[in-house]
Engineer: 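First the structure, then my questions, so here it is.
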Protein chains: 2
Amino acid sequence: MYSAVMSTREALDTQAAPPGTPSPQGTPTTQERLLRSTQELLWERGYVGTSPKAILERAGVGQGSMYHHFAGKSALALAAIRRTAEGMKAVAEESLSAPGTAYERVEGYLLRERQVLRGCPVGRMTQDRDVVCSPELRQPLDEMFGWLRGRIAEVLAEGQRRGELAAGLDPSAVAATVAAVVQGGYVLARAADDSAPFDAAVQGALSLLAAQVTPAADSTA
Amino acid sequence: MYSAVMSTREALDTQAAPPGTPSPQGTPTTQERLLRSTQELLWERGYVGTSPKAILERAGVGQGSMYHHFAGKSALALAAIRRTAEGMKAVAEESLSAPGTAYERVEGYLLRERQVLRGCPVGRMTQDRDVVCSPELRQPLDEMFGWLRGRIAEVLAEGQRRGELAAGLDPSAVAATVAAVVQGGYVLARAADDSAPFDAAVQGALSLLAAQVTPAADSTA
DNA sequence: GTCTATAACTAGATAGAC
DNA sequence: GTCTATCTAGTTATAGAC
């Protein structure tokens with residue numbers, strides 16, 4: 001799922017590669033290592049819970065390197081959040097642009113393999129005061145979830161045009177419901193320390209959506 | 001690790017009010033003020049983001065008072081989380097035990113007035129590593145959400161028995177969906193800094209649930 | 001570019017006066 | 001019971017050597 005999250009800690013390579021670009025071979029640059037460890041730590045501990053020191057230690061670099069490449073904690077977090085949000089979009093698009101009926105594509109999105117107990121690395125950020133209070137840090141979250149709701153709505157609307165889904169369904173509202181079920185599923189699962197509530201929420205949503213599939217288009221009927 | 005047990009020292013409290021009870025008139029005890037400010041701060045900033053110092057300042061008491069009444073930050077947080085979770089149960093039960101059809105009761109729960117952009121004070125805690133990693137601190141969240149899913153499932157099952165809802169509906173799964181929509185709605189709304197996505201998610205869920213209402217029981221048909 | 005040293009500040013808790 | 005020091009460790013950043 002998250003290539004950016006692989007904890008590759010090879011020997012230090014001193015130079016090369018244009019900024020922002022991972023080196024083609026297996027040895028990431030210092031900047032790249034800083035970004036990746038920030039992505040991991042933001043996911044695990046959130047913004048307030050992530051200290052520059054922890055980032056440096058995980059990346060295996062000194063203080064100076066971090067402040068050379070980034071202005072500070074928030075600048076590093078911004079870059080990490082942007083990348084995480086982009087990665088999430090790419091993964092979601094994979095399911096939503098797959099072949100099949102609208103129902104099948106939404107089903108694919110909902111049933112995609114997830115590390116449920118770790119939660120959503122993007123949704124996680126919405127619970128961080130410092131993030132939502134900063135327009136810059138919040139922007140990638142807003143963009144990602146706005147895109148997601150729009151994209152699911154497109155899929156549903158397409159299904160309606162094809163006669164697969166009931167005409168009365170509101171694509172935009174149901175898209176928000178689908179996105180919310182995933183985010184809320186993470187919350188329920190983490191509270192229970194068990195992924196079962198997440199799976200139940202998804203199954204419930206799928207069963208409700210399945211009732212919107214028109215008889216003619218329902219291959220299981 | 002976490003010996004965040006509720007301090008029994010409160011039993012030795014020489015002041016009037018019985019433990020855990022706010023004094024009847026408008027002047028809350030020191031203990032009560034500490035609890036309330038902790039509840040507020042946990043909601044706003046989460047566990048890691050809340051310092052004892054901030055609690056003291058908001059409560060208007062000194063360091064010594066806090067450590068007299070509570071063993072430390074985690075003990076105070078545990079008491080605050082327990083109370084918040086209990087309050088949430090009471091508020092939800094109000095909607096779910098109201099008169100009306102199963103659909104109407106779930107609708108009442110979903111449309112209940114909420115401070116959407118502030119998020120859920122209980123759900124908020126599931127994003128805090130220190131909370132979910134401590135069995136003691138996580139327990140009230142687990143209990144609250146477990147109760148909520150069970151209670152909604154009861155309402156739905158009752159609706160089925162009364163012939164209001166389709167027999168094919170899985171009460172337990174749909175209950176998880178309903179609870180998840182609320183929690184996920186908060187996430188979408190905070191990302192957008194706008195309560196509209198929350199409302200859309202709720203409307204989508206209600207429209208899908210409405211399709212499960214049997215024609216005979218549908219007063220709007 | 002990367003490192004270590006250091007500084008100003010906050011977190012979380014303790015000690016002891018009153 | 002409540003208060004004001006005080007303490008150790010961690011946070012966030014800057015300075016300057018290599």
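All chains are named by letter (A, B, ...) in the order of the sequence lines, taking the proteins before the strands, and each is independently numbered beginning at 1.
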Engineer: Do any side-chain nitrogens or oxygens of A/H69 fall under 4.0 Å of OP1 or OP2 in C/dT2?
Structural biologist: yes
Engineer: Among C/dT2, C/dG12, D/dT2, find the nucleotide with the atom closest to the side chain of A/S65.
Structural biologist: C/dT2
Engineer: Quick one: pull up CG in A/D170 and OG1 in A/T177 and give me the separation to the nearest 0.5 Å.
Structural biologist: 9.0 Å
Engineer: The side chain of B/K73 is closest to which nucleotide in this list: C/dG12, C/dT2, D/dT2?
Structural biologist: C/dG12
Engineer: Consider the side chain of B/Q63, meaning its heavy atoms from C-beta on, and name the nucleotide among C/dT2, D/dA5, C/dA11 that approaches it most closely.
Structural biologist: D/dA5
Engineer: Round to the nearest Å and state the distance from A/E57 atom CD to D/dG10 atom C1'.
Structural biologist: 11 Å
Engineer: From C-beta outward on A/V61, which listed nucleotide comes closest to its side chain: C/dC3, D/dT2, C/dA11?
Structural biologist: C/dC3
Engineer: To the nearest Å, give me how far apart CG (A/L56) and C1' (D/dG10) are.
Structural biologist: 13 Å
Engineer: Could you check how far OH of B/Y67 sits from P of D/dT6, rounded to whole Å?
Structural biologist: 18 Å
Engineer: Which part of the nucleic acid, if any, lies within contact of A/S74, taking any heavy atom under 4.0 Å across all strands shown: a base, the sugar-phosphate backbone alone, or nothing?
Structural biologist: nothing
Engineer: Please state how far atom CE in A/M66 lies from atom C1' in D/dA15, giving the value in whole angstrom units.
Structural biologist: 16 Å
Engineer: Looking at B/M125, B/R45, B/Q127, which hits side-chain contact (heavy atoms from CB on, under 4.5 Å) with A/Q127?
Structural biologist: B/Q127
Engineer: Measure the distance from CG on A/L34 to C1' on C/dG1 and round it to the nearest whole Å.
Structural biologist: 12 Å
